[in-house]
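As C-alpha cells, the structure follows; a few thoughts come after it.
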There are 2 protein chains.
Amino acid sequence: MADIQAEYLACPIRQVVSRFGDKWSMLVLFMLNRSETGVLRFNEIRRLMTDCSQKMLSQTLKNLERSHLVHREVYPEVPPRVEYSLTDTGRSLMPAVTALVDWGKEHFAEVVTD
Amino acid sequence: MADIQAEYLACPIRQVVSRFGDKWSMLVLFMLNRSETGVLRFNEIRRLMTDCSQKMLSQTLKNLERSHLVHREVYPEVPPRVEYSLTDTGRSLMPAVTALVDWGKEHFAEVVTD
DNA sequence: CGCAATTCCTACTTTTTGGTAACTATGCCA
DNA sequence: TGGCATAGTTACCAAAAAGTAGGAATTGCG
C-alpha cells in the first residue's frame, strides 16, 4: 500500500483542477477541438462564446498557451491575424474532456433537481 | 448542423465545471471512490485531505449531496457518526474523473515547464 | 481626416471562493 | 467538575476570479 498522504499531495486532480478548472478553459479547448479546420481566430472564438469577455478570452488563451495545450500563430498582417489550435498535448486531453461532456449530457438531469 | 449558439449556452461543460470545478469536489469524489469499503466518515476524509478546512469539507460534501453524487447517512449515536458514500450517479462520474487523473499523471510534466 | 477591423492591454470594481477562529450539542470517562 | 471526541455552524476577513470600460497599434478606404 502506498503512502496515501504523499500520493495525495502530488495528486493530479489538484493540478488539473487548479489549472483548467476555471470558467472558460475547457470550453475553449472544446471549441478548438470541434472546429473543422482545427484552427480558430480570436474573434471567431469570441463569436462562439458570446458571454466570455474579451479580457477573459485573452487571459484564458494565454494560460492555455503557457501550459502548452494551445498553439498561437501570429500572421503579421494588417489588421492582425492570430490563429489558435490545439497542440498534441492539448489533443491528448480531449478524450477526458469529452468524457466529462458525455457524462453531463447523460446525467446532469439527475443533478439539477434543485 | 445544429444551432451552435443554442448548443453552447446549454453546454454540459459549463454545468459540470460550475458545479464540480471547485477546489475540493473532485478530490472528495476520488477519495470516496478509492476507499475500500466505499464509505468514509467526516473526519476520515479530513485526515486524508489535511489541507482542506473543516468548513470547506462540510460545504463541499453538502454541495455534492445536494447534487446527488454523494449519499449521507447519519447514525444517531453519541458522539455522532456520519458516513458518506457515492451514489449511483456519483459512481457514474468516476470514469470521467479518472480519465482526467490519468491524463494528469501522463501529461502534466509537459504542462508545468514554467 | 475620420473611421473600421483586429487583437490585444490596463485600471478599476464587483463577485466568488476559500481560510481562520470560535462556538454548538451530546454524553462518556476520570 | 472538567475535558475529550464527533460533526458540524457562524462571523469575519483575505485573496482570487471575473466583469466593465477604455485605450493602443496598424493601415486601407471613402
Side-chain angles (χ1 to χ4, degrees), chain A residues 8-9 11 13-29 31-32 35 37 39-67 70-85, chain B residues 8-9 11 13-32 35 37 39-67 70-85 114:
Chain A
Y8 157 71
L9 287 170
C11 177
I13 292 186
R14 319 191 74 184
Q15 305 181 305
V16 171
V17 167
S18 73
R19 281 247 173 178
F20 312 118
D22 65 297
K23 195 166 173 183
W24 305 110
S25 289
M26 295 249 190
L27 213 40
V28 168
L29 294 175
M31 291 299 179
L32 287 173
S35 133
T37 58
V39 167
L40 287 176
R41 299 181 59 176
F42 188 84
N43 277 338
E44 283 183 305
I45 306 178
R46 282 218 68 194
R47 277 187 288 273
L48 291 171
M49 297 166 49
T50 45
D51 53 351
C52 177
S53 73
Q54 204 173 37
K55 180 189 117 181
M56 289 315 297
L57 180 55
S58 168
Q59 209 169 93
T60 302
L61 285 165
K62 212 189 296 175
N63 177 41
L64 291 172
E65 194 197 354
R66 266 196 324 129
S67 303
V70 160
H71 172 70
R72 180 171 185 268
E73 185 85 35
V74 183
Y75 298 86
E77 305 172 356
V78 169
R81 181 159 61 102
V82 182
E83 290 185 344
Y84 295 91
S85 55
Chain B
Y8 157 71
L9 288 170
C11 177
I13 293 186
R14 320 191 73 183
Q15 306 181 304
V16 170
V17 167
S18 72
R19 283 245 171 179
F20 312 119
D22 65 300
K23 195 167 175 184
W24 304 111
S25 289
M26 296 249 192
L27 213 39
V28 168
L29 294 175
F30 190 70
M31 291 300 177
L32 286 173
S35 134
T37 56
V39 168
L40 288 176
R41 297 180 60 174
F42 186 84
N43 278 337
E44 282 182 307
I45 305 178
R46 283 216 67 193
R47 277 187 289 273
L48 291 171
M49 298 167 47
T50 46
D51 54 350
C52 177
S53 71
Q54 202 173 36
K55 178 188 116 180
M56 290 312 299
L57 180 55
S58 167
Q59 208 168 94
T60 303
L61 285 166
K62 213 188 295 177
N63 177 40
L64 291 172
E65 194 197 354
R66 266 197 324 129
S67 303
V70 161
H71 173 70
R72 180 170 184 270
E73 184 85 34
V74 183
Y75 298 87
E77 303 171 359
V78 170
R81 180 160 61 102
V82 181
E83 289 184 345
Y84 295 91
S85 55
D114 67 342

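Heavy atoms only: backbone and side chains are in, while hydrogens, waters and symmetry mates are out. Lettering follows sequence order; numbering is per chain, from 1.
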Given D:dA5, is OP1 or OP2 found less than 4.0 Å from the side-chain N or O atoms of B:Asn43? no
Give one of base, sugar-phosphate or nothing for B:Arg46, where a contact means two heavy atoms less than 4.0 Å apart. nothing
Reading nucleotides 19-30 of chain C from 5' to 3' and marking B where a protein heavy atom lies under 4.0 Å of the base, S where only the sugar-phosphate is that close, and - otherwise, the string is BB-B---BS---
When you check the phosphate oxygens OP1 and OP2 of D:dG8, does a side-chain N or O of B:Arg72 lie under 4.0 Å from one of them? yes
Partners of A:Val16 by side-chain contact (heavy atoms from CB on, under 4.5 Å), sequence neighbours excluded? A:Phe20, B:Leu100, B:Trp103, B:Phe108
Tell me the interatomic distance from A:Arg47, atom CZ, to C:dA5, atom P, rounded to whole angstroms. 11 Å
Rounding to an integer number of Å, can you tell me how far A:Phe20 CZ sits from D:dA17 C1'? 17 Å
Is the distance from OP1 or OP2 of D:dT9 to the nearest side-chain N or O of B:Ser58 less than 4.0 Å? yes
With sequence neighbours left out, the residues meeting salt bridge (Lys or Arg N to Asp or Glu O under 4.0 Å) with A:Glu77 are A:Arg81
Let me know the distance between CG of A:Asn63 and C1' of D:dA18, rounded to the nearest Å. 14 Å
What is the separation between atom CD on A:Glu65 and atom C1' on C:dC8, rounded to the nearest whole Å? 13 Å
Quick check on the helix from C:dC1-D:dG30 to C:dA30-D:dT1: what's the angle between its two end axes, five base pairs per end, to the nearest 10°? 30°
A:Glu77 CD to D:dT27 P, in whole Å, measures 13 Å
Considering every strand and a 4.0 Å limit on heavy-atom distances, what is the contact class for A:Tyr75: base, sugar-phosphate, or nothing? nothing
Rounded to whole Å, please give me the gap between CZ in B:Phe42 and P in D:dA5. 16 Å
Over how many whole Å does the gap from A:Leu57 atom CG to D:dG19 atom C1' extend? 14 Å
Quick one: is D:dA7 close enough that its OP1 or OP2 comes under 4.0 Å of any side-chain N or O from B:Arg41? yes
My understanding is that only residues two or more places apart in sequence, or in another chain, count here; which of them pass side chain to side chain donor-acceptor pair (under 3.5 Å) with A:Ser25? A:Asp22
Residues that B:Thr37 engages under side-chain contact (heavy atoms from CB on, under 4.5 Å), provided they are two or more places apart: B:Ser35, B:Val39
Would you kindly compare B:Asp22 and A:Gln59 by the position of their nearest DNA chain C nucleotide and give the one closer to the 5′ end? A:Gln59
Inter- and intrachain pairs under salt bridge (charged side-chain N to carboxylate O under 4.0 Å, His left out), touching residues 52-65 of chain A, at least two apart: none
